[in-house]
Trainee: 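Okay, here's the structure, questions in a sec.
Quick note: numbers below take in every heavy atom, side chains included, and nothing from hydrogens, waters or symmetry partners.
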Amino acid sequence: WVLDCTNFTFDTLIAGSMIDENRSNSLENHAKIYTTMGGYDAIFNRTFDKARMDLVPKDQLLQYLGGDVDAVLRVARKIKREMVEVPCLANLYINIVHPAARAFEKVEQRGILVDPAKFEELRVEIEGKYGNGGVVAELTNKALSLLPGRLKMKYADDLNINRPNLLRDYFFTPAGLNLKPLQYTSGGKSGKQEPSTAKAHLSRFHNIPEAKEMVSTLDELGVVKKVLTTYVHGFMKHLRPDNRFHPSFMFFSGRMFADDNDDSGTSTGRLSAKDPAAQTIP
């Protein structure tokens with residue numbers, strides 16, 4: 001919206017998270033902890049879709065807004081008192097965290113410029129033009145070619161290299177390499193302990209000559225699939241009409257709003273982002 005709040009001097013969400021990162025630091029929760037106003041917005045939240053605030057009748061919108069302003073002011077007074085009792089915490093907030101939050105506010109507004117053509121080029125390289133080729137297909141075929149004939153016949157109904165039973169048979173039975181498992185997991189409804197097919201377990205056999213090529217191929221396949229799902233398909237769904245990403249950066253732990261589906265941020269206060277998670281770009 002290109003709106004700039006010039007007199008924004010205190011953030012109850014971030015400050016509350018610095019005081020106690022092991023709780024939700026939404027205004028809803030703060031209102032319950034620090035004031036007698038807890039639940040002031042409950043009826044509004046049940047009645048209206050906050051994604052369409054433009055449809056809320058003006059009188060009810062103003063009432064809700066007034067409650068928010070009142071709650072923030074009361075909460076801010078209490079949190080400031082808690083913060084000044086720990087001078088080093090107050091110093092950290094005033095001189096580093098708040099200015100940094102304002103800087104990343106600019107990044108959110110201006111966005112991160114994207115080259116969609118390059119993303120498409122990367123997608124085609126990984127999965128082919130129609131989603132059935134590229135590096136993924138090459139690595140998958142390479143992994144399947146390493147299987148002995150008897151296993152290919154056994155799993156001919158669905159010769160999928162990601163099938164746990166196929167991998168288990170290949171690495172840990174006489175039909176394959178017959179290696180000694182180093183890690184087990186409970187399998188199926190029977191609860192019987194079976195050799196794990198987790199990447200971390202299979203990677204431990206990388207130094208065994210007969211297993212090295214398969215382990216390396218599966219590792220590489222996992223990497224390119226991660227790039228495809230997270231950094232191509234996952235990121236591009238957040239592309240805005242201005243050809244930019246506008247991620248939400250977070251210096252806090254907890255839910256920003258009461259109706260968020262999950263907690264955001266990090267318990268340590270380390271910078272993170274969502275929609276997309278821009279800080280995770282390799």
Side-chain angles (χ1 to χ4, degrees), residues 1-18 21 24-27 48-56 61 65 68 72 93 95-136 222-282:
W1 292 85
V2 200
L3 298 174
D4 190 16
C5 181
T6 56
N7 62 344
F8 173 32
T9 59
F10 192 73
D11 189 316
T12 57
L13 177 66
I14 295 176
S17 182
M18 291 175 69
E21 72 275 14
S24 172
N25 282 284
S26 65
L27 178 60
F48 299 105
D49 176 8
K50 285 174 140 182
R52 293 304 309 272
M53 295 289 262
D54 55 309
L55 301 179
V56 179
L61 181 63
L65 173 61
D68 272 1
V72 168
Y93 176 80
N95 293 303
I96 296 179
V97 178
H98 188 86
R102 300 244 57 193
F104 277 94
E105 180 186 335
K106 299 291 187 185
V107 180
E108 288 183 349
Q109 291 177 344
R110 295 172 185 170
I112 300 171
L113 190 60
V114 176
D115 185 344
K118 286 291 184 182
F119 271 87
E120 176 61 9
E121 189 178 304
L122 179 59
R123 184 196 70 78
V124 172
E125 179 185 345
I126 294 174
E127 67 171 359
K129 187 173 182 179
Y130 303 106
N132 57 358
V135 179
V136 170
V223 169
V224 295
K225 284 185 174 180
K226 173 69 174 177
V227 171
L228 179 67
T229 57
T230 301
Y231 300 110
V232 180
H233 294 316
F235 269 47
M236 289 305 287
K237 70 181 182 181
H238 295 295
L239 187 67
R240 302 283 183 88
D242 61 358
N243 266 356
R244 293 172 184 260
F245 294 138
H246 291 268
S248 296
F249 288 95
M250 297 165 287
F251 287 79
F252 63 87
S253 172
R255 301 185 181 189
M256 186 181 299
F257 302 111
D259 52 354
D260 280 355
N261 293 326
D262 53 11
D263 286 348
S264 300
T266 63
S267 59
T268 62
R270 170 183 58 78
L271 176 69
S272 61
K274 63 179 182 179
D275 305 329
Q279 87 284 1
T280 68
I281 297 174

Trainee: Kindly say whether the aromatic ring centers of F251 and H98 come within a distance under 6.0 Å.
Mentor: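 Ring-ring flag for F251/H98: false, centres at least 6.0 Å apart.
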Trainee: Search all heavy atoms of P116 against all heavy atoms of L239 and return the closest pair with its distance.
Mentor: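 Heavy-atom minimum between the residues: CG-CD2, 4.1 Å.
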Trainee: To the nearest 0.5 Å, how far apart are CG in D54 and CG in D49?
Mentor: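 Rounded to the nearest 0.5 Å, the CG-CG separation comes out at 9.5 Å.
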Trainee: Dump the intermediate steps for side chain to side chain contact (heavy atoms under 4.5 Å, CB included) on F8 and E105, then the final yes or no.
Mentor: CA-CA 11 Å; F8 173 32; E105 180 186 335; 4.2 Å; yes
Trainee: Any chance you could measure L61, atom CG, to L55, atom CG, to the nearest 0.5 Å?
Mentor: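 Atom-to-atom, L61:CG and L55:CG are 11.0 Å apart.
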Trainee: Just checking F119 against F235, ring centres under 6.0 Å apart?
Mentor: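 No, the ring of F119 stays outside the 6.0 Å limit from the ring of F235, centre to centre.
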Trainee: So, do F249 and E108 sit near enough that their side-chain heavy atoms are less than 4.5 Å apart?
Mentor: yes
Trainee: Is there a donor-acceptor pair under 3.5 Å between the side chain of Q279 and the backbone N or O of S272?
Mentor: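 Not a single qualifying donor-acceptor pair exists.
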Trainee: Quick one: CZ on R102 to CG on D11, what's the gap to the nearest 0.5 Å?
Mentor: 9.5 Å
Trainee: Please report the closest heavy-atom contact between N25 and L13, naming both atoms and the distance.
Mentor: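 Nearest heavy atoms, N25 then L13: O-CD1, 2.9 Å.
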Trainee: Measure the shortest side-chain to side-chain distance between D68 and L27 over non-hydrogen atoms and say whether it is less than 4.5 angstrom.
Mentor: yes
Trainee: Does L113 reach the side chain of R244, with side-chain heavy atoms less than 4.5 Å apart?
Mentor: yes
Trainee: Within a strict 4.5 Å, meaning less than it, do heavy atoms of the P247 and D275 side chains meet?
Mentor: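 Contact flag for P247/D275 side chains = no.
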Trainee: State whether the side chain of T229 and the backbone N or O of K225 hold a donor-acceptor pair below 3.5 Å, judged by distance alone.
Mentor: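 Checked: pair present.
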Trainee: Is it true that a side-chain atom of Y231 and a backbone atom of T280 form a donor plus acceptor pair closer than 3.5 Å?
Mentor: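 Judged by distance alone, yes, a pair lies under 3.5 Å.
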Trainee: Quick one: are R123 and E127 in side-chain contact, heavy atoms under 4.5 Å?
Mentor: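 Yes, their side chains come closer than 4.5 Å.
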Trainee: Calculate, to the nearest 0.5 Å, the distance between atoms CD and CG belonging to E121 and D115 respectively.
Mentor: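 Answer for the CD-CG pair, E121 versus D115, is 8.5 Å.
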Trainee: Yes or no on side chain to side chain contact (heavy atoms under 4.5 Å, CB included) for L271 and M250, after CA distance, side-chain angles and deciding distance?
Mentor: CA-CA 6 Å; L271 176 69; M250 297 165 287; over 6 Å; no
Trainee: Counting N and O atoms only, with roles assigned by atom type, does the side chain of H238 sit under 3.5 Å from a partner on the main chain of F245, one being a donor and the other an acceptor?
Mentor: no
Trainee: In the structure I gave you, are the side-chain heavy atoms of L122 and V227 within less than 4.5 Å of one another anywhere?
Mentor: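 Heavy-atom side-chain distance check passes, below 4.5 Å.
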Trainee: Strictly below 4.0 Å, N to O, side chains only: are R240 and D242 in salt-bridge contact?
Mentor: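 Salt bridge: no.
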Trainee: Distance check, rounded to the nearest 0.5 Å: M53 atom CE versus L65 atom CG?
Mentor: 8.5 Å
